[in-house]
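Working notes, beginning with the structure itself.
A, B, ... follow the sequence lines: proteins, then strands. Residue 1 opens every chain.
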Amino acid sequence: MRYSRSLIPTVKEVPAEAEITSHRLMIRAGFIRKLASGTYTYLMLGQRSLQKIVQIIREEMNAAGAQDILMPILQPIELWEQTGRRKDYGPTLSCHVDRHGRTSALAPTAEEVVTSLVAAEISSYKQLPINLYQINTKFRDEFRPRFGALRSREFIMKDAYSFDATLEGLDESYRTMYDAYCRIFRRCGLDYVVVDAVSGEIGGSGSQEFMVPCSAGEDTILSSDKGNYAANVEKCEIGKRPADLAGEPTGELEKVHTPEMKTIEEVGKFMKVKPKNMLKTLVFQAGDKWVIAVVRGDHDLNEDKLNGLVDGDITMEIDAEAAAAGFAIGFVGPHVVVGRDDVTLYVDPDAVAGQFWAGGANDTDYHVKHFNWKRDVLDPLGEAVRQRVIVADIRNAADGDPSPLDDDGVLRASKGIEVGHIFKLGTKYSQALGATFLGEDGQEHPCIMGCYGIGVNRIMASAIEALHDDNGCVLPISIAPFDVEVISLNNDKEAVRNHADKIYNELTAAGIEVLLDDRDARPGVKFKDADLIGIPLRVVVGERGLKEGNVEIQRRTENKAAAVPADDAVERIKEIVNELKEALSPR
RNA sequence: CGGAGCGUAGCUCAGCUUGGCUAGAGCGCUGCGUUCGGGACGCAGAGGUCGGAGGUUCAAAUCCUCUCGCUCCGACCA
């Protein structure tokens, strides 16, 4: 490809909206341009990189026995209603109404479509297992699109779906995908970690995420320093922590006037109490009952964990109803459980101890000091305490917490970008949509499903996020838009031009993908652009070198060029390209 | 959705508070010349419905209202 005929709009300045490195570099290097919030055009360089990633995914998925299909982006909304997911997805599901008034969902994922396909076409255990996948555009009306390709409203996803006759079969399908994912990310040159995750709207019994560690990541990962446990903060469990409701009081319960002070920070500052000595008391509605969650002031509640403990769904953001039910919202304390039989308290172990506590007074504009679990909750409730006060892990894990494996491991927090997510789904969709088969026993059974996603654009963004330097992208050869950039440094000189052309033609004929910078630009401009774009190997053909009979070869990861006799250049380049590719080979 | 901010040349932004000349700068772009191994320099030039609509006024980029778009922040609040 000739640079002079290509649209590669590199820029020095970048719109203020690009906050993270990968976004900035993708704009600066001319990989993407924004059309509207959360939607991007991928220009030639970006598109070539995406296609490299797509190709790697295809090869590994096919090698793992999955079959490539293509499903519609327009999905009848009725399918989403049958599985109940229209409600679960809520406004994130983009919909389209056609001239006949039919509503279609713009695919954010395709469990419904693929399951209805299987429902129609699979009837016997002899046809299982099967794994169908596609690489296609997906839509999610994100609450807040941001960070360029990391969270866009429209993106490319590889989504695969396995159908098995048995749970053991599902385990094997899942394991096969796990292994394929490891190969895919390794071939893309990414460091990744696999963490336990929650399955969210997708549903199912278990899931793991493939994360690329980097500070710009939106997800928080907790890993045991023993190296044997890692989980997303949404999922991460916490090891055993001591909790004893019977500690003695630190003093008389003291009521403090705290007008209009509702946040932990405000109250703590006013009363001169640290957040770790305060109780955060949150009110949730569960049908006609109330659930009160108590965590330490410096901790965060994990609603998934709380939900898992409570019968039925809990609802938050119910200030008006809670106030009507007699709760002093903003000033609630755990002892509200005393004297109300419609309240169950869930308390995190770290919010229980014989130490000094401050918290809400259950009276608007008042807080209390010297709150004590034994005196103010345990003793008044008596025997009822067992049903009414439940001590359990209900908060997000934090850096320094004990590992749930109870092996003296300590959890450490870090950030990551989710590039892949694999789920054991079970029969949620196959039951809802009638994807059943006749087993060996002659009985009808629902297919047991798994699903497996990879964010194609996110691979590119996270690769740049993880692999760059001050001058630009440093892309691995497997996903770089080109293998080699040949710079015809003094393109106005015929000898230089001819030699660069010769190298370009010979490399191209050898199947190497080459970008030839044949622009009539000053050398500095060409060097800067080459660094920015980040093609792994740079070849400089210049008047100066050519006089000595040399051209220069430099890897993007090196900061000095090597002079090579011009006649040997093509062979030498081929060797290096092979070497670079070999280093990222799947084996 | 709530809060905040922004919208002026292709890009980055100034001008707006306190209304008043022909609306500016840097980068980029075009032409000519000098340069030519790490984003050169000089001269000449092109390029603007000041997001849109309405209003106030002798006069609006500037003040007011509405609207559209973009960006940032926002679980709970003991």
When you look at CD of Q387(A), are more than 12 heavy atoms from neighbouring residues, nucleotides or ligands closer to it than 6.0 Å? yes

Would you classify V14(A) as touching base, sugar-phosphate or nothing, given that sugar-phosphate means primed atoms plus P, OP1 and OP2, and contacts are heavy atoms under 4.0 Å?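 Sugar-phosphate, backbone atoms only, no base.
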
Select base, sugar-phosphate, or nothing to describe what F331(A) touches, counting heavy atoms under 4.0 Å on all strands.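 Answer is sugar-phosphate: F331(A) comes under 4.0 Å of backbone atoms only.
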
Can you tell me how the ring of W80(A) sits relative to the ring of Y89(A), calling it parallel under 30°, perpendicular over 60° and tilted otherwise? perpendicular

Evaluate the ring planes of H335(A) and F371(A), with Trp represented by its six-membered ring, and classify them as parallel (under 30°), tilted (30 to 60°) or perpendicular (over 60°). tilted

Interatomic distance, [X] [atom1] vs [N] [atom2] [rounded to whole Å]:
X	N	atom1	atom2	answer
E13(A)	rU12(B)	CD	P	8 Å
H299(A)	rA75(B)	NE2	C1'	17 Å
H23(A)	rU71(B)	NE2	C1'	11 Å
I20(A)	rC72(B)	CD1	P	10 Å
F143(A)	rC72(B)	CZ	P	13 Å
D492(A)	rU35(B)	CG	P	13 Å
R151(A)	rU71(B)	CZ	C1'	16 Å
I329(A)	rA75(B)	CD1	P	17 Å

Using atom [atom1] in both nucleotides, what's the gap between [N] and [M] to the nearest angstrom?
N	M	atom1	answer
rG15(B)	rU22(B)	C1'	15 Å
rU49(B)	rC11(B)	P	13 Å
rG51(B)	rU8(B)	C1'	10 Å
rA46(B)	rC6(B)	P	33 Å
rU71(B)	rG24(B)	P	31 Å
rG39(B)	rC29(B)	C1'	16 Å

Which base, if any, makes a Watson-Crick or G-U wobble pair with [N], both distances under 3.5 Å?
N	answer
rC63(B)	rG55(B)
rC1(B)	rG74(B)
rC27(B)	rG10(B)
rG47(B)	none
rA40(B)	rU34(B)

Is there a donor-acceptor contact under 3.5 Å from the side chain of [X] to the main chain of [Y]?
X	Y	value
D517(A)	R519(A)	yes
N491(A)	D520(A)	no
R458(A)	L150(A)	yes

Tabulate atom names and distances for all N/O pairs under 3.5 angstrom spanning the protein and nucleotides 37-39 of chain B.
residue : atom : partner : partner atom : Å
rG37(B) : O2'  : R544(A) : NH1          : 3.0
rG37(B) : O6   : G545(A) : N            : 3.1
rG37(B) : N1   : E552(A) : OE2          : 2.7
rG37(B) : N2   : E552(A) : OE1          : 2.4
rG37(B) : N2   : E552(A) : OE2          : 3.1
rG38(B) : O6   : R538(A) : NH1          : 3.0
rG38(B) : N1   : D531(A) : OD2          : 3.0
rG38(B) : N2   : D531(A) : OD2          : 2.2
rG39(B) : O2'  : K12(A)  : NZ           : 3.2
rG39(B) : O6   : R28(A)  : NH2          : 3.4
rG39(B) : N1   : D529(A) : OD1          : 3.0
rG39(B) : N2   : D529(A) : OD1          : 3.3
rG39(B) : N2   : D529(A) : OD2          : 3.3

Classify the side-chain pair N490(A)/E543(A) by whether it contains a donor and acceptor separated by less than 3.5 Å.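 Their side chains do not contain a donor-acceptor pair, so the 3.5 Å distance test is not met.
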
Flag side-chain contact, heavy atom, 4.5 Å: K374(A) against D379(A):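 The answer is yes, as the side chains (C-beta and beyond) meet within the 4.5 Å cut-off.
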
Please determine if R48(A) forms a cation-pi arrangement with F482(A), meaning its NZ or CZ atom is less than 6.0 Å from the six-membered ring centre and no more than 45° off the ring axis.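 Yes, R48(A) sits over the ring of F482(A).
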
Please identify each residue that fulfils salt bridge (Lys or Arg N to Asp or Glu O under 4.0 Å) with E237(A), with sequence neighbours left out. none

Residue from R412(A), R395(A), R241(A) passing side-chain hydrogen bond (donor to acceptor under 3.5 Å, both in side chains) with D401(A): R395(A)

Filtered N/O pairs between nucleotides 67-70 of chain B and protein, under 3.5 Å:
residue : atom : partner : partner atom : Å
rC70(B) : OP1  : S37(A)  : N            : 3.2
rC70(B) : O3'  : K34(A)  : NZ           : 2.9

Let me spell it out: for each of G38(A) and V332(A), pick the nucleotide of RNA chain B with the closest heavy atom. Which residue's pick is nearer the 5' end?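 Upstream on the strand: G38(A).
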
Could you say whether L301(A) or P145(A) is positioned toward the 5' end of RNA chain B, judged by the nucleotide with the nearest heavy atom to each?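 Residue closer to the 5' terminus by nearest nucleotide: P145(A).
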
